[in-house]
Asks: 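Dropping the structure in here first, questions after.
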2 protein chains.
Amino acid sequence: MKVPKYYLVKREIQRLIADLPVGAVLPTERELAEQLETSRTTVRKAISELVVNGRLERTQGRGTFVARPKLMQLRPLTSFSQDLAAEGWRPGSKMLEIDVIEADEELARHLQLTPGAPVHRVTRLRTQEEEPIALEIAHLPGPLPGLAEEMAARGSLYRTLAEAYLIDLDAVEDTVETTLADPETANLLGIEVGLPLLLVHRTAWDAGGRPVEWTRSLFRGDRFRFVARHRLRDTEHPASAGATRP
Amino acid sequence: MKVPKYYLVKREIQRLIADLPVGAVLPTERELAEQLETSRTTVRKAISELVVNGRLERTQGRGTFVARPKLMQLRPLTSFSQDLAAEGWRPGSKMLEIDVIEADEELARHLQLTPGAPVHRVTRLRTQEEEPIALEIAHLPGPLPGLAEEMAARGSLYRTLAEAYLIDLDAVEDTVETTLADPETANLLGIEVGLPLLLVHRTAWDAGGRPVEWTRSLFRGDRFRFVARHRLRDTEHPASAGATRP
DNA sequence: GGCCCGGATTGGTCTATGCCAATGTGCAAT
DNA sequence: ATTGCACATTGGCATAGACCAATCCGGGCC
């Protein structure tokens, strides 16, 4: 199989940083190009993949550094802060905006509303050791008077829903897919444009089966792992699935 | 916010292909560079992001084409073939290799074995309308005499485990994260090196709590969405999570 | 000491260009 | 009609070089 040169350079750099401690600075791109007998363009392509992989971080004007390897796990049936706290992380949250918008087509569908209905929107930046790791936009239907104040008093969205509005969640569904950081998101998360992100949509229902939350979250793809665990009942046992061939 | 030129070019091309049918061919990179008054390098960078997004596909010597948008959903508690069949897709599977290997450190940990213990390895290429969409490597502990023949007779791994070896799954855990296609995987999946993939690890246990499967799957990140749905019991209710602030 | 400014350093973007590799086409030979 | 080969086309890889923007550092100034 033909392996392009930038990929060999990538492995070379990987070997180079294997022995370096976290935070160590790499040679400059110009130096690496000379040492590895290639062009700066090729070095940059190799480094870019390592940045996407989460192995390196770079800042204009400063340099390229060995990134702290840290993989945080998220469980669908728990809350963001609960998840991270359980793993010994120190989660934080920065409120960006609370406002009321009119539901568009998609939003109305997920929350079982008619388009144009008012929906509360809560935009937050989730942080970890002061470092942004996720952008979260929650949509909540129905009247929630004083939401901003109640949220400010409690911090946690779920706690606010339960205590201030007596809304208890009964079921949640998460979908996980990948996307790329656009300039705005990259700016908020402090990462490069084009880095892969985990795009998570969460819908939550109350005991009556009414949707009470539809949230869109963007996580750094190189920092998170999503975990789902299930017990199987016989009726949905995998072994009962049809044969693989059509 | 400063937006680089290749990002503007990306939007321009996005506008261009919005009106084109699936499979339509784009102008060549050299033509686009001229029309948009930029260099071919910049055009390529823009196109590359659209390829990563799943909007475009390109083949050396042929051209760049509008990709078929198709997002398939995967549910953790069902099998691969069951998932896709339920959505009206026509899943297939191509056996690449069945062999027995010695468990390394990681594998032994997941299957609760001692390193060096023999483990069956089943490597398959999952397909969809003859198109490869996932690379799946299953690891199965314990003696499974005649595994290759039993698999060949049934097609489905889970069905084989249940019918031929009386192994019934009781619980599964999936983890989902992102990674990049290395040259080997890209070759097997017929995609470009460096495309983001969904890396899914599945562990399955039998009723006795013994691990019976540890599988590593690589899905095209632009084609799949992972779905997890849960009912909440009070003891693990999100509202009981700690406050957001540390 | 503290502040400000200018220059050096480093990554970020863009251009222009050359060659390679895969593909498709059309003509010629059989 | 089929095969085979040369050639044009198109994307893939790599280079060299220029300029921009963020950062850092040190000297000079208050």
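Naming convention: chains lettered A, B, ... in sequence-line order (proteins, then strands); numbering from 1 in each chain. Here the structure is a predicted model, which means the values were calculated and not measured.
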Asks: Ignoring the backbone of B:Glu29, work out which of C:dT10, D:dG12, D:dT15 is nearest its side chain.
Replies: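 That would be D:dG12.
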
Asks: So, under a plain 3.5 Å distance rule, would you say the side chain of B:Arg62 forms a donor-acceptor pair with the base of C:dG24?
Replies: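 By the distance-only test, no, there is no pair.
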
Asks: Between A:Gln60 and A:Tyr6, name the one whose nearest nucleotide on DNA chain D is closer to the 5' end.
Replies: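 The residue whose closest nucleotide sits nearer the 5' end is A:Tyr6.
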
Asks: Regarding A:Glu57 and A:Arg223, does a basic nitrogen lie under 4.0 Å from an acidic carboxylate oxygen?
Replies: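 A salt bridge is present here (some side-chain N lies under 4.0 Å from a carboxylate O).
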
Asks: What nucleotide, of C:dT13, C:dG12, C:dC19, holds the atom closest to the side chain of B:Lys45?
Replies: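 From the listed options, C:dT13 comes nearest.
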
Asks: Quick check: does any side chain N or O of A:Thr59 sit under 3.5 Å from a backbone N or O of A:Arg62, one acting as donor and the other as acceptor?
Replies: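 No.
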
Asks: Taking for each residue the nucleotide of DNA chain D with the nearest heavy atom, is it A:Arg30 or A:Val43 whose nucleotide lies nearer the 5' end?
Replies: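 That would be A:Val43.
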
Asks: Using only modelled atom types and a 3.5 angstrom limit, is any donor from either the side chain of A:Arg40 or the base of D:dG17 paired with an acceptor on the other?
Replies: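 Answer no: no donor N or O sits under 3.5 Å from an acceptor.
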
Asks: In terms of side-chain heavy atoms of B:Thr28, which of C:dG11, D:dA14, D:dG11 is nearest?
Replies: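 Nucleotide nearest to B:Thr28's side chain: D:dG11.
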
Asks: Could you give the CZ-to-P distance, from B:Phe65 to D:dT9, as a whole number of Å?
Replies: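 In whole Å, D:dT9 P lies 16 Å from B:Phe65 CZ.
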
Asks: Counting only heavy atoms not in A:Glu37 (residues, nucleotides, ligands), do more than 12 fall under 6.0 Å from its CD?
Replies: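 Count not over threshold, so no.
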
Asks: Just call it for B:Thr41: base, sugar-phosphate, or nothing, with non-hydrogen atoms closer than 4.0 Å on any strand.
Replies: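 Base, at least one base heavy atom under 4.0 Å.
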
